[in-house]
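Written below as C-alpha cells is the structure these notes are about.
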Amino acid sequence: MIFMTLLFILFLLASVTCQFIPDPRQYQTSVLIGTRLFSFGGYTGKPEYTKETVILDLSKPFYTSHPTWSRDTKGTAPMSSEFSTSCLSPIDTSTVYIIGGVSYDEVSSSFVKPSLVYTFNSIDSTWSPFTTSGFTTFDSNMSNVYNDIQAIMRHGLIYIFGGTNTSSPQESNLTTISTIITTMSVLNTKKMTWLFFNFTDTPTPREAYTATLLKNGYIVYIGGTEKPNGASNETSVNMNNIPIFDTDDLTWISMTASGDTVGSRNSHSAVLTNDGKIIIFGGQSGYGFVHVSPDLAILDTNSNPYKWIIPSISTANAPPPLAGHSSILYNNYMVIIFGRQTTVQPIIGTVPLMNNQVYLFDVEKSVWVSYFKSNSSGKCTISYIGIIATIFSLLIVIDWNWLLLL
Ligand SMILES: *[C@@H]1O[C@H](CO)[C@@H](O)[C@H](O)[C@H]1NC(C)=O
Ligand SMILES: *[C@@H]1O[C@H](CO)[C@@H](O)[C@H](O)[C@H]1NC(C)=O
Ligand SMILES: *[C@@H]1O[C@H](CO)[C@@H](O)[C@H](O)[C@H]1NC(C)=O
Ligand SMILES: *[C@@H]1O[C@H](CO)[C@@H](O)[C@H](O)[C@H]1NC(C)=O
Ligand SMILES: *[C@@H]1O[C@H](CO)[C@@H](O)[C@H](O)[C@H]1NC(C)=O
C-alpha cells in the first residue's frame, strides 16, 4: 500500500512537472526540429534576457489551454540574448546555428557582445561557440552586434541579408545607434568563413524583415524597415516590394506583388505552406509595438507576380495582435508562440504585454483552433497508460483510507 501511495505521489509530481509554463517573452528565436519546437532566449524582463531553452512537444495532441511545454535544462544557453536568428542544418537536421543578437551579463548588469555564431546540438542539448572569420565587424572583438536578421540555410551555406550593425548595445538606444548592413552576407559552414555579395542590383538594405525559402531555392524577403542610400532615417518597406534572392544563380530578382493592400510592418512572422503560400502574421508599424493591419495575410507565390490575399477569418481562438513572436508550420498548423501584444498607440512606461500562450491556425481550413491534433499517436498511448495507472493507484489509495476507518 505504501508503495502504491508513493507511486500515486510520483504520478502527481509527474503531472505537475508536465505543466511547465514558460515566462512570457519577446524576440526569442525558434526552430522546428522533428516534432519539437525549440525556442532560445528572448527578452523576459527578469531582469533582461533569458538563457532558457524551452520546447513545445508537437508529437502529442494538446489543447492550447494546456500546451506541451518543457524546459530543456541541459540546453540552457551560454549567453542570455534577444534578436538572434537561428536555422537548422538541412545536412544533419539536428544542428542549429544561432547567429547574432545582443546579450546581457547578469553579473556586471551590462549589455555584452556574445560570440557571433553558436551551434546547438539538439540530440544532446549542448552548445558550442562556432568561430568564424571574414566578418570583421562581428567576429572580431569589436563591441558591435548583428541584429534584426533572419538566416536561411540551404546546403552548407547560411544567407543573411541586411540587418543592423549596433555599437555599444543598450536596450534604450538599440535602434538609434544602428547602421544597416548593405550586403547579402553568406556563411560557409564547412569553411567557417563569411563572404559577401554586393551586386549593383542589391535591394535597399533592410532589417526586421522575414525571409522564407521556397522549394525552388528562392529566398523571399517580406517587410521590415529600410534605409535608402543617403537617407538619415529608416522607413517601412512597402509590402508589395518583395526582393527575391535566387540561391541557385546567386542573383536578385525584383518582384512587385499584386492583390490586396497589406499594411507595412516589421518584426512579423512568416511560414510557408506545402502549396507555396507564405502566411504572415502580426508585426509592428515602426518601433513601439504599434498595431498593423491586417493581422494575417497570405502571399501566393504560385502566381506571377506574387499575389497578396487577405482572408476573412473568424476571430474565435485568434491571438491578440503580436510582434516579436515566432511562427512555424507543422502539418496543417501554423503554431504561434511568445511575442508582445501591439496596441493602437505606443504604450510607454508600463509593463510590456508579453505573451506565453500558444495559438494555432489551421492553414487548410483557414480557421484559428484551440486543439492540436498530432498525427503521431505513439506517445499518446503512453499518456493514456499514465492516466489509467494514476486512476488505478488513486483507487488503491482511497481503498487504503477506507480500510483505516474500520
Ligand atoms: C579577442 O578576445 C580574445 C578572448 O577574449 C583574446 O584571446 C584575443 O587576443 C582578442 N583579440 C584581439 C585582436 O584583441
Ligand atoms: C546608449 O544609452 C546608454 C544608456 O542609456 C548611454 O550610456 C550611451 O551613451 C548611449 N549611447 C549612444 C551612442 O547614444
Ligand atoms: C559597423 O559599424 C562600425 C562603426 O560602429 C563600422 O566601423 C563598421 O565598418 C560597420 N560594419 C559594417 C559591416 O557595416
Ligand atoms: C555595397 O554597395 C553599396 C552601393 O554600391 C555601397 O554603398 C556599400 O558601401 C557597399 N558595401 C560594402 C560592404 O561593400
Ligand atoms: C528622422 O528622425 C528624427 C527622430 O525621430 C526626426 O527628428 C527627424 O525629423 C527625422 N528626419 C526625417 C528627414 O524624417
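Counting starts at 1 for both ligands and their atoms, in listed order. Small disclaimer: the values here were computed from a predicted structure and weren't measured. Every heavy atom of this structure was used, including side-chain atoms; hydrogens, water molecules and symmetry mates were not.
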If you look at each N/O of ligand 3, which protein N/O atoms lie under 3.5 Å away, and at what distance?
residue	atom	partner	partner atom	Å
ligand 3	2 (O)	Asn144	ND2	3.2
ligand 3	2 (O)	Asn165	OD1	3.4
ligand 3	2 (O)	Asn165	ND2	2.4
ligand 3	5 (O)	Asn144	ND2	3.1
ligand 3	11 (N)	Thr137	OG1	2.8
ligand 3	11 (N)	Asn165	ND2	2.9
ligand 3	14 (O)	Asn165	ND2	3.4

Fit a plane to each ring of Tyr221 and Trp252, take the angle between them on a 0 to 90° scale, and name the class: parallel (under 30°), tilted (30 to 60°) or perpendicular (over 60°). tilted

How are the rings of Phe197 and Phe245 set to each other: parallel, tilted or perpendicular (split at 30° and 60°)? parallel

For the pair Asp57 and Arg36, find out whether any cationic side-chain nitrogen is under 4.0 Å from an anionic carboxylate oxygen. no

Does a side-chain N-to-carboxylate-O contact under 4.0 Å join Arg154 and Asp248? yes

Trp368 and ring-ring contact (aromatic ring centres under 6.0 Å, His included): which partner among Tyr359, Tyr333, Phe281? Phe281

Any Gln28 side-chain heavy atom under 4.5 Å of Phe40 side chain: no

Quick check: does Asn198 get an N/O under 3.5 Å from an N/O on ligand 4? yes

